[in-house]
Amino acid sequence: MVEHDALSATREAYDASATTYAELFRDTLRDSPLDRAILGAFAEVVSASGDGRVADLGCGPGHITAHLDELGLAAFGVDASPAMIELARQAYPGLRFDVGSMTALDIADGALGGVLSRWSIIHTPPQELPVILAEFQRVLAPGGHLLIGFSASEDPSHPTQIFDHAVAPAYRWWPDHLAALLRESGLAEVARMVREPEPTDRRQFQSIQLLARKAQAAAA
């Protein structure tokens with residue numbers, strides 16, 4: 001299958017570049033006040049729902065998982081790359097990190113108060129994305145929140161666009177299109193943060209972070 005081939009190729013590429021990736025991105029939050037702000041808001045709404053258990057899906061070397069832990073959440077990380085998970089376990093031995101696929105999470109239905117997906121969907125072929133969003137919805141408890149980050153396309157008539165990436169082929173999405181996919185999966189948009197690229201950025205893409213919520217269970 002195309003999806004299987006894409007996942008395997010992406011996993012192998014990240015295994016090969018794991019150490020370099022960790023060195024490049026481990027301290028990115030230090031100079032990103034807007035990212036810290038949206039992660040702080042995410043932590044607050046998850047905590048307010050009464051369940052602080054959060055999965056950082058596509059956690060890479062674990063630095064964002066550790067930040068969520070510092071914010072008071074019971075965070076654990078999942079990544080398809082065994083090399084990334086090994087680096088995360090070495091760097092943050094007090095936290096849990098598992099090898100796994102977002103297409104079939106080893107997490108019980110409704111087990112989480114929050115799901116974080118920071119640019120972890122970018123290597124997902126568009127036809128496979130609804131499967132992953134359905135998994136996000138499945139593992140969230142009623143009222144649970146998803147924070148999903150991705151790069152935006154510029155043209156609503158082309159809701160997905162492929163772009164060159166140092167590790168593996170990647171995709172960006174028109175934000176309203178991705179928000180509609182979330183709604184179809186049972187996740188309603190609550191808020192979005194749009195960040196313009198810096199003039200020095202190699203890719204002049206908007207960065208989008210959408211906060212969405214799973215509906216509360218209907219009263220008996």
Side-chain angles (χ1 to χ4, degrees), residues 1-7 9-11 13-14 28 32 34-35 37-39 41-42 45-46 54-60 64 78-80 101-105 112 114-140 142-198 201-216:
M1 291 179 64
V2 171
E3 294 83 4
H4 176 76
D5 291 344
L7 176 61
T10 301
R11 179 190 299 115
Y14 274 102
T28 52
S32 301
L34 293 177
D35 282 0
I38 193 69
L39 288 169
F42 172 68
V45 296
V46 170
V54 170
D56 178 8
L57 302 180
C59 65
I64 304 298
V78 178
D79 201 281
S101 169
M102 293 188 297
T103 60
L105 294 166
L112 302 177
V115 166
L116 179 66
S117 171
R118 280 176 56 87
W119 280 263
S120 58
I121 62 166
I122 65 170
H123 301 298
T124 302
Q127 66 270 24
E128 181 70 6
L129 186 58
V131 174
I132 289 175
L133 299 183
E135 276 292 272
F136 293 172
Q137 192 271 355
R138 179 186 67 79
V139 300
L140 280 171
H145 286 80
L146 164 71
L147 181 61
I148 184 167
F150 56 98
S151 296
S153 66
E154 297 103 350
D155 185 352
S157 67
H158 294 85
T160 62
Q161 291 178 292
I162 195 166
F163 69 94
D164 64 312
H165 189 280
V167 177
Y171 303 87
R172 50 196 179 117
W173 286 268
W174 182 250
D176 291 345
H177 173 67
L178 201 140
L181 293 177
L182 289 173
R183 286 195 301 273
E184 292 170 6
S185 299
L187 297 164
E189 181 182 351
V190 174
R192 71 175 69 176
M193 185 178 80
V194 180
R195 190 179 68 218
E196 297 294 334
E198 296 292 335
D201 289 346
R202 183 167 72 88
R203 296 189 184 93
Q204 292 296 295
F205 303 159
Q206 285 183 334
S207 296
I208 310 295
Q209 297 194 57
L210 291 180
L211 182 65
R213 180 173 56 218
K214 182 175 177 177
Q216 294 280 1

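With 3.5 Å as the limit, one finds no donor-acceptor pair spanning the side chains of Asp155 and Gln161.
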### Message
Gln206 vs Glu154, test: side-chain contact (heavy atoms from CB on, under 4.5 Å). Steps then yes/no.
### Response
CA-CA 8 Å; Gln206 285 183 334; Glu154 297 103 350; over 6 Å; no
#### Entry: From CA spacing to verdict: side-chain contact (heavy atoms from CB on, under 4.5 Å), Trp173, Leu129
CA-CA 11 Å; Trp173 286 268; Leu129 186 58; 3.6 Å; yes
### Message
Evaluate Ile122 against Tyr171 for side-chain contact (heavy atoms from CB on, under 4.5 Å), listing each step before the verdict.
### Response
CA-CA 5 Å; Ile122 65 170; Tyr171 303 87; 5.9 Å; no
### Message
Assess the residue pair Arg192 and Gln209 against the criterion (side-chain contact (heavy atoms from CB on, under 4.5 Å)); give the C-alpha distance rounded to whole Å, side-chain angles, the decisive distance to 0.1 Å, and a yes or no.
### Response
CA-CA 6 Å; Arg192 71 175 69 176; Gln209 297 194 57; over 6 Å; no
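Proximity of Phe42 to Leu211: side-chain heavy atoms (C-beta onward) are separated by under 4.5 Å at one or more points. Residues Phe150 and Leu210 are in side-chain contact: their nearest non-hydrogen atoms beyond the backbone lie under 4.5 Å apart. Counting only heavy atoms from C-beta outward, the side chains of Ser120 and Met102 approach each other to under 4.5 Å.
The distance from the CG atom of Leu187 to the CD atom of Glu189 is 11.5 Å, given to the nearest 0.5 Å. We find the CH2-CD1 distance between Trp119 and Ile64 to be 10.0 Å, quoted to the nearest 0.5 Å. Atom OG in Ser153 sits 8.5 Å away from atom NE2 in His177 (nearest 0.5 Å). Taking CZ of Arg118 as the start and CG of Leu39 as the end, the distance is 5.5 Å to the nearest 0.5 Å. Rounding to the nearest 0.5 Å places CG of Leu140 at 11.0 Å from OG of Ser185. Atom CG in Leu147 sits 14.0 Å away from atom CZ in Arg213 (nearest 0.5 Å).
When all heavy atoms of Gly149 and Ile121 are compared, the pair lying nearest together is O-CG1, 4.4 Å. The minimum heavy-atom distance linking Pro142 with Gln216 is given by the pair O-OE1, 3.7 Å. Closest approach of Thr103 and Glu135 over heavy atoms only: O-CG, 3.5 Å. Contact record, Leu112 with Ala55: CD1-CB, 3.6 Å, taken as the closest heavy-atom pair. Closest heavy-atom contact between Leu182 and Ala212: CD1-CB, 4.2 Å.
Counting only distance, with no hydrogens or angles, the side chain of Lys214 and the backbone of Gln137 share a donor-acceptor pair below 3.5 Å. With Arg195 contributing its side chain and Asp35 its backbone, the two residues share no donor-acceptor pair below 3.5 Å.
When each of Leu133, Leu116, Val115, Ile208 is checked for a side-chain contact (heavy atoms from CB on, under 4.5 Å) with Ile148, only Leu133 meets the rule.
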